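The shown structure was predicted, so the numbers you read here are calculated from the model rather than taken from an experiment.
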2 protein chains.
Amino acid sequence: MDKLDRDILAVLQTDARISLQELSKRVGLSSSPCWTRIRRMEESGVIEGYTVRVNPQAVNLAETVIVQVTLDSHSDEALFAFGRALADIPEVLEALLVSGDYDYILRIAVSDTRDYERLLRERLYKIPGLRHSKSSFVLRSLKQSPLPLHR
Amino acid sequence: MDKLDRDILAVLQTDARISLQELSKRVGLSSSPCWTRIRRMEESGVIEGYTVRVNPQAVNLAETVIVQVTLDSHSDEALFAFGRALADIPEVLEALLVSGDYDYILRIAVSDTRDYERLLRERLYKIPGLRHSKSSFVLRSLKQSPLPLHR
DNA sequence: ACTGAAAAAAACAGTGC
DNA sequence: GCACTGTTTTTTTCAGT
């Protein structure tokens, strides 16, 4: 992981479908070493994979909700059971175990507020062990940036 | 946007570097229409781009912190100034304007707690108009999943 | 809109510096 | 570790159904 590797990652983070030729030109290298470096980062796990960025509105998931959750118990079993319940809810994109006032922070994608109300009532509130939850609707996204590789 | 389009997106979300041949086989189509559909979704903005998923630990950004922020004022100007200040901080990966007790939710990536302390002191606390902030360290990520395309 | 095949471009592998 | 060159694979285009 030297500067060239980080340069390559920085380019791939903004456009992973760029051709090897164009990529190597941008980082100031010929294509072979560029390709070798990418391969090495893929195999060592630095590169975890490649994904497409989908416009949430286009697939009817325009609303994002951040939910903070407290559990009744903090036993391993309760924690595990809660995690399993969340895994079954496709709208829950992300679940983070956090320090602080709450136990979990959830990122949820729904089509609208009615859809969210339904999700809350039919799925989240039915999870055993959930003591309290607080929802924050995302009104606007101010920033969305890849990992800073050149600090 | 029919079922086939969603099928294609679902595959690309898990692996965007799959070959057209393999992709078309999985969605039960030959490669030409598959390619046409991808192209159409790229041009219509359904597909926003392609990115690499980088292992944060490998680039020395192992710690994630979720910060909730309240501003002094909610004027357009204050809001805009705060957004501009955040744009200049590379560690701030995401900034969401939200409803609820707080004004903003920030996702921050740092190498460790000392790095975060420095960021807080030297950058965040220096932003004018920031009234209050509450940090939650991410202890573990329980779930991380792409958009549900087949609900 | 899909199929199948041909043309263009890129990825990949090997060689020498 | 890098540049160059050749082979293979993939992407892209196009005529036909």
**Study point:** Integer-rounded Å distance: C:dA11 P and A:I8 CD1
**Key:** 13 Å

Check your understanding: What distance do B:I127 atom CD1 and B:L71 atom CG have between them, rounded to the nearest 0.5 Å?
Key -> 9.0 Å

Review point. Rounded to whole angstroms, how far apart are NZ on B:K25 and P on D:dT10?
Key: 11 Å

Review point. What integer distance in Å separates A:Q21:CD from C:dA9:P?
Key: 10 Å

Review point. Do you know the tightest heavy-atom contact between A:K143 and B:A87?
Key: NZ-O, 3.4 Å

Revision key, fill the gap. With both pairing distances under 3.5 angstrom for Watson-Crick or G-U wobble, and | for a partner in another strand, the correct string for DNA chain C is ||||||.||||||||||

Exercise for review: Might you point out which heavy atoms bring B:D112 and B:E63 nearest each other, and give the distance in Å?
Suggested key: CA-CG, 3.7 Å

Exercise for review: Would you indicate what B:S19 reaches in the nucleic acid, counting non-hydrogen atoms under 4.0 angstrom: base, sugar-phosphate, or nothing?
Suggested key: sugar-phosphate

Check your understanding: Between residues 36-51 of chain B and DNA chain D, which residues have a heavy-atom gap below 4.0 Å?
Key -> none

Check your understanding: Which part of the nucleic acid, if any, lies within reach of B:S32 when heavy atoms closer than 4.0 Å are counted: base, sugar-phosphate only, or nothing?
Key -> base

**Study point:** N-O pairing of A:D15 and A:R53 below 4.0 Å
**Key:** no

Review point. Should the pair B:D101-A:K134 be classified as a salt bridge under the 4.0 Å nitrogen-to-oxygen rule?
Key: yes

Point to revise | Integer-rounded Å distance: C:dA11 P and B:E22 CD | key: 19 Å

Review point. With a 6.0 Å cut-off on ring centres, are A:F82 and A:Y104 close enough?
Key: yes

Exercise for review: Nearest-nucleotide wise, let me know which of A:R17 and A:P33 is further upstream toward the 5' end of DNA chain D.
Suggested key: A:P33

Revision key, fill the gap. Taken to the nearest whole Å, CH2/B:W35 to C1'/C:dA9 is 13 Å

Review point. Going through the checks in order, is the side-chain contact (heavy atoms from CB on, under 4.5 Å) test met by B:M1 and B:R40?
Key: CA-CA 10 Å; B:M1 284 298 301; B:R40 188 174 48 213; over 6 Å; no

Practice item. Give B:L20 one of three labels, base, sugar-phosphate or nothing, depending on what nucleic acid heavy atoms sit under 4.0 Å from its own. Key: base

Check your understanding: How many Å lie between CG on A:D7 and C1' on D:dC2, as a whole number?
Key -> 16 Å

**Study point:** A:R114 bridged to A:E117 by N-O distance under 4.0 Å
**Key:** no

**Study point:** Upstream residue (5' side of DNA chain C) when A:I18 and B:L4 are each assigned their closest nucleotide
**Key:** B:L4

Point to revise | Taking every non-hydrogen atom, the tightest pair across B:V92 and A:S145 | key: O-OG, 3.5 Å

